[in-house]
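Everything numeric here is computed off the predicted structure, so don't read it as measured data. Counting begins at 1 with the first residue of the sequence.
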Amino acid sequence: MGQHTHINKDGVAITHTHTHANQKAVLNRLSRVIGHLQSIKTMVEDGRDCSEILIQLSAVKSAVNNTGKIILQDHIEHCIVDAVENNDMQSIQELNHAIDRFIK
């Protein structure tokens with residue numbers, strides 16, 4: 001469950017919780033990414049070909065980006081909808097900042 005606090009335009013704090021619909025899928029994806037990174041670490045330790053390592057790193061990068069997209073979609077569908085309903089401009093600004101960091 002995620003807990004959020006929204007501050008509406010009147011300065012009133014509204015706290016609520018909700019279950020992230022994709023939490024299990026995100027955790028599964030992250031576990032696979034961690035396992036994949038461990039495999040890549042072993043490849044480096046074993047002196048495997050750099051091209052093979054780069055290909056595997058590219059796959060991990062793609063998996064991390066796709067996981068981020070799921071988290072972003074969930075955040076928009078739940079948290080940002082709540083923020084808009086409560087006139088919480090701070091949460092919307094925080095989302096914009098997070099998107100900027102994510103897409104760099």
Side-chain angles (χ1 to χ4, degrees):
M1 282 195 157
Q3 183 173 8
H4 321 309
T5 300
H6 299 286
I7 309 297
N8 68 19
K9 66 181 178 182
D10 300 327
V12 176
I14 299 167
T15 302
H16 64 96
T17 60
H18 73 268
T19 301
H20 291 276
N22 296 309
Q23 183 176 9
K24 184 172 176 138
V26 166
L27 290 172
N28 287 339
R29 284 173 177 259
L30 290 173
S31 292
R32 283 195 301 273
V33 167
I34 291 167
H36 201 159
L37 281 172
Q38 288 293 339
S39 297
I40 295 169
K41 181 180 176 196
T42 301
M43 290 174 72
V44 171
E45 291 169 345
D46 293 345
R48 297 276 296 273
D49 180 69
C50 292
S51 295
E52 291 177 40
I53 294 168
L54 289 171
I55 290 167
Q56 294 306 313
L57 283 172
S58 176
V60 167
K61 196 163 81 168
S62 177
V64 168
N65 283 338
N66 287 334
T67 303
K69 289 174 188 176
I70 291 170
I71 293 170
L72 180 58
Q73 180 181 10
D74 183 64
H75 187 56
I76 289 170
E77 289 176 359
H78 297 98
C79 306
I80 297 305
V81 169
D82 291 340
V84 169
E85 288 174 355
N86 291 295
N87 295 314
D88 179 4
M89 297 311 294
Q90 181 179 347
S91 290
I92 294 168
Q93 290 169 349
E94 289 171 2
L95 172 64
N96 285 330
H97 179 69
I99 291 170
D100 285 344
R101 299 285 310 256
F102 179 68
I103 62 174
K104 279 189 178 183

Hydrophobic cluster membership, with links at side-chain heavy-atom distances under 4.5 Å among I/L/V/M/F/W/Y: are L30 and I71 in one?
yes

Under 3.5 Å donor-acceptor, T67 side chain and A63 backbone
yes

Go through the side-chain N and O atoms of E52 and Q56 and say whether any donor and acceptor fall under 3.5 Å apart.
no

Looking only at heavy atoms, which two atoms of K104 and D100 are closest? And how far apart?
CG-O, 3.2 Å

So, do L95 and L72 sit near enough that their side-chain heavy atoms are less than 4.5 Å apart?
yes

Flag the pair I76 / Q73 as yes when at least one side-chain heavy-atom distance between them is below 4.5 Å, and no otherwise.
no

Do V44 and V33 share a hydrophobic cluster (ILVMFWY, side-chain heavy atoms under 4.5 Å, transitive)?
yes

Are S58 and L54 side-chain neighbours, meaning at least one heavy-atom pair lies under 4.5 Å?
no

Could you see if V64 belongs to whatever hydrophobic cluster contains I99? Use Ile, Leu, Val, Met, Phe, Trp, Tyr and a side-chain cutoff under 4.5 Å.
no

Has the side chain of N86 got a donor or acceptor atom that lies under 3.5 Å from a matching backbone atom of D88?
no

Kindly say whether A25 contributes a backbone atom to a donor-acceptor pair with the side chain of N22 at under 3.5 angstrom?
no

Okay, side chain of S31, backbone of L27: is any donor-acceptor separation there less than 3.5 Å?
yes

Rounded to the nearest 0.5 Å, the CE atom of M43 sits from the CG atom of L57 at a distance of 8.5 Å

Establish whether V84 and M89 are linked, either directly or via other cluster members, by ILVMFWY side-chain heavy-atom contacts under 4.5 Å.
yes

D49 side-chain N/O to S51 backbone N/O, donor-acceptor pair under 3.5 Å
yes

As an exercise, state the distance from CG of N65 to CD1 of I70, rounded to the nearest 0.5 Å.
11.5 Å

Any non-hydrogen side-chain atom of K24 less than 4.5 Å from a side-chain atom of N28?
yes

To the closest 0.5 Å, what do you measure between CD1 (I53) and CG (D46)?
9.0 Å

